[in-house]
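All remarks here apply to the structure that follows.
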Amino acid sequence: MTAAGGWYPVALAGGVEAGTSNGMHLRGEEIVVWRDAAGAAHIWDDRCPHRGMRLSFGFVRGDRIACLYHGWQYGADGSCLAIPAHPGLQPPVTIVAERRDRVEALGMIWAGSAGEPGRPPVPEETVGQTVTPIRSLHVDRPLEDVAARLAAFDLPPFHPDLAEGARRGARRDGPLVIVTAEKGYVAETLIAGLQPLDHGHTAVHLAMAANVGDHRGPGQAHFARLAELFRHVVESEAMSAASERAA
């Protein structure tokens with residue numbers, strides 16, 4: 001399920017609110033990301049062990065997620081805690097939802113396979129900086145294409161002191177593309193976490209780290225516009241290349 005390094009971002013941390021669930025794909029597999037009422041994130045296979053209904057169609061109550069089909073309830077450890085049609089029955093311990101390891105880092109929720117060692121990569125540039133979420137978007141291109149094109153794309157920094165003469169760079173670290181700009185005491189890092197939805201589609205989760213305060217509002221809007229431009233350019237290039245091959 002996971003790549004070398006073992007972890008992929010699957011959502012911005014702020015994109016999944018307490019008491020909600022989101023269904024999505026990771027490498028062609030269906031997963032559900034949900035937060036319990038206390039705010040803890042959980043990542044499971046998006047299938048109820050009973051009849052295979054998507055748990056993302058269900059509802060979260062307290063520290064449980066319940067299937068929409070028959071209301072079976074599952075606790076944070078994946079075990080079945082209640083079967084409404086049989087209120088006096090103690091559910092068998094063998095009824096367990098498949099869980100994925102999860103970690104929150106860089107303003108994102110990360111998924112790993114069960115027992116995956118280590119943690120997601122955290123670039124040194126972001127240590128001690130304020131991380132501001134920007135947005136998530138889907139690009140109709142494979143992860144490797146998105147990563148390569150993003151590292152080479154012209155992404156002007158937001159802070160005005162970095163507009164001219166800033167030292168810029170881009171590199172890839174597993175499912176991360178890190179774009180930096182630095183001049184004097186001002187530094188800014190754009191973090192793109194890449195989620196392979198399937199072979200030909202990638203979700204890009206964007207956040208920004210800076211040592212000059214929170215860039216909420218104008219900074220988010222700046223990079224959100226660049227993200228839309230990036231998606232348009234990359235998908236248009238792919239379409240043009242496909243048309244040329246077909247001609």
Holding to salt bridge (charged side-chain N to carboxylate O under 4.0 Å, His left out), I want the full list of residues that pass it with E17, two or more places apart in sequence or in another chain.
none
Does either side chain, that of H205 or that of Q195, offer a donor lying less than 3.5 Å from an acceptor on the other one?
yes
Looking only at heavy atoms, the pair that brings F223 and P157 closest together is CZ-CA, 4.2 Å
Would you mind checking if R100 and E29 are paired as a salt bridge, meaning a charged N to carboxylate O distance below 4.0 Å?
yes
D101 versus I43, closest heavy-atom pair with distance
O-CD1, 4.4 Å
Partners of E237 by salt bridge (charged side-chain N to carboxylate O under 4.0 Å, His left out), sequence neighbours excluded?
R149
R171: salt bridge (charged side-chain N to carboxylate O under 4.0 Å, His left out) partners, not counting sequence neighbours:
E125
Over all heavy atoms of both residues, which pair between E104 and G39 is shortest? Give the atoms and the distance, please.
OE2-O, 4.5 Å
Kindly write out the residues that satisfy ring pair (Phe, Tyr, Trp, His ring centres under 6.0 Å) with H222, not counting sequence neighbours, or none if the list is empty.
F158
Are the ring centres of H50 and H70 closer than 6.0 Å?
yes
If you group Ile, Leu, Val, Met, Phe, Trp and Tyr whenever their side-chain heavy atoms sit less than 4.5 Å apart, what else falls in with I95?
V32, W34, W44, L55, V60, I65, W72, Y74, I83, L89
So which pairs with a foot in residues 173-186 pass side chain to side chain donor-acceptor pair (under 3.5 Å), sequence neighbours left out?
R167-E182
